[in-house]
Visitor: 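Sending over a structure as structure tokens; questions will come in a sec.
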Amino acid sequence: MTVPALQIANVHRTYRQGENAVSVLAGVDLSILPGEMVALVAPSGAGKSTLLHIAGLLEHPDQGEVFVGETATAGLDDVARTRLRRSDIGFVYQFHHLLPEFSARENVVLPQRIAGLGVEEASMRAAEILGFLGLSHRIDHRPGELSGGEQQRVAIARAVANTPRLLLADEPTGNLDPGTGEHVFSTLLALVKQSGLAALVATHNLELAARMDRRVTLREGRLVPLP
Ligand code: ADP
């Protein structure tokens with residue numbers, strides 16, 4: 001049986017603000033297989049970011065378990081969680097958050113160096129991924145010299161630089177015009193299918209959601225499938 005890249009089991013999360021308790025996640029279950037791209041479509045405030053943070057080991061659930069591959073994470077200490085996050089999870093946000101002083105290639109090299117790869121190897125892999133994403137001709141440009149769509153493709157390249165098994169994306173095309181967003185999304189889809197990466201993508205864009213393998217939404221703190 002194929003091991004899911006991400007498995008979330010009965011996750012609960014409640015925020016307390018003074019007297020009030022807001023139950024955001026109330027028994028969330030989700031399993032994503034390698035090569036599967038799942039759209040998370042829900043209105044603002046429904047808990048998408050909370051779920052992405054918990055899936056990305058950036059936040060602890062109050063209850064429940066998150067498996068990344070075969071690893072159960074509830075009992076891990078912060079050092080082990082950080083290590084697992086760095087090796088197995090990539091993040092893409094609405095804004096690219098690239099380092100402005102570094103070239104596209106250097107932005108993709110950096111996480112690999114942090115993971116312990118040598119300069120040559122990291123540089124070759126950066127060129128390979130940027131090439132796959134159609135950016136060979138922009139490899140030595142800084143973010144400020146790139147278009148919005150190019151910047152976001154560099155951010156995707158950086159997110160997958162350490163060959164994670166899971167990609168978490170929060171409105172990855174939300175800041176782009178429709179045509180550019182479509183291009184960036186198509187590139188991301190091709191990357192997922194080619195690499196066997198699993199992806200959970202929060203989006204308000206129903207057209208893009210329709211092109212993913214599955215769609216889910218949050219209703220009263222639980223995940224339910226959408227058609
Ligand atoms: P979404 O990403 O779908 O817009 P969020 O996960 O950001 O939703 O937020 C879900 C709910 O939880 C909102 O009502 C928000 O105000 C609340 N919330 C999120 N983070 C916190 C926090 N750190 N402290 C208190 N309330 C929070």
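Start at 1 and go down the list; that is how both ligands and their atoms are numbered.
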Visitor: Salt bridge or not between R211 and E182? Use side-chain N to carboxylate O under 4.0 Å.
Guide: yes
Visitor: Should D88 and R83 count as an ion pair when the cut-off is N to O under 4.0 Å?
Guide: no
Visitor: Please tell me whether S23 and Y15 have a donor and an acceptor in their side chains that are separated by less than 3.5 angstrom.
Guide: no
Visitor: Can you tell me if P43 has a non-hydrogen atom under 4.0 Å from ligand 1?
Guide: yes
Visitor: Yes or no, since that's all I need: does a protein heavy atom fall within a distance strictly under 4.0 Å of atom 13 (C) of ligand 1?
Guide: yes
Visitor: Within a distance under 4.0 Å of any heavy atom of V24, pick out the atoms of ligand 1 and give their elements.
Guide: 10 (C), 11 (C), 12 (O)
Visitor: Look at ligand 1 and say whether A42 reaches it with a heavy atom at a distance under 4.0 Å.
Guide: no
Visitor: Under 4.0 Å between a Lys/Arg side-chain N and an Asp/Glu carboxylate O for R142 and E106?
Guide: no
Visitor: Looking only at protein heavy atoms, which one is nearest to atom 4 (O) of ligand 1, and how far off is it?
Guide: G45 N, 2.7 Å
Visitor: Which value, rounded to the nearest 0.5 Å, describes the distance between R105 atom CZ and D140 atom CG?
Guide: 6.0 Å
Visitor: Show the nearest heavy-atom pair for residues A122 and R113, with the distance to one decimal.
Guide: CB-CD, 4.4 Å
Visitor: For S44, counting its heavy atoms only, list the atoms of ligand 1 lying under 4.0 Å from any of them.
Guide: 4 (O)
Visitor: Under 4.0 Å from atom 16 (O) of ligand 1, is there at least one protein heavy atom?
Guide: no
Visitor: Which atoms form the tightest heavy-atom contact between G131 and S136, and what is the distance?
Guide: CA-OG, 3.3 Å
Visitor: Indicate the atoms forming the closest heavy-atom contact of P34 with V3, along with that distance.
Guide: CD-O, 3.5 Å
Visitor: Looking at A46, which atoms of ligand 1 are within less than 4.0 Å of one of its heavy atoms?
Guide: 3 (O), 8 (O)
Visitor: Do me a favour and list the nearest non-hydrogen protein atom to atom 9 (O) of ligand 1 with residue, atom name and distance?
Guide: T50 OG1, 4.0 Å
Visitor: Give the residue, atom name and distance (to 0.1 Å) of the protein heavy atom nearest atom 27 (C) of ligand 1.
Guide: Y15 CD1, 3.3 Å
Visitor: At less than 4.0 angstrom from any non-hydrogen atom of S49, what atoms of ligand 1 do you find?
Guide: 1 (P), 2 (O), 6 (O), 7 (O)
Visitor: For atom 8 (O) of ligand 1, which protein heavy atom lies nearest, and how many Å away is it?
Guide: G47 N, 3.1 Å
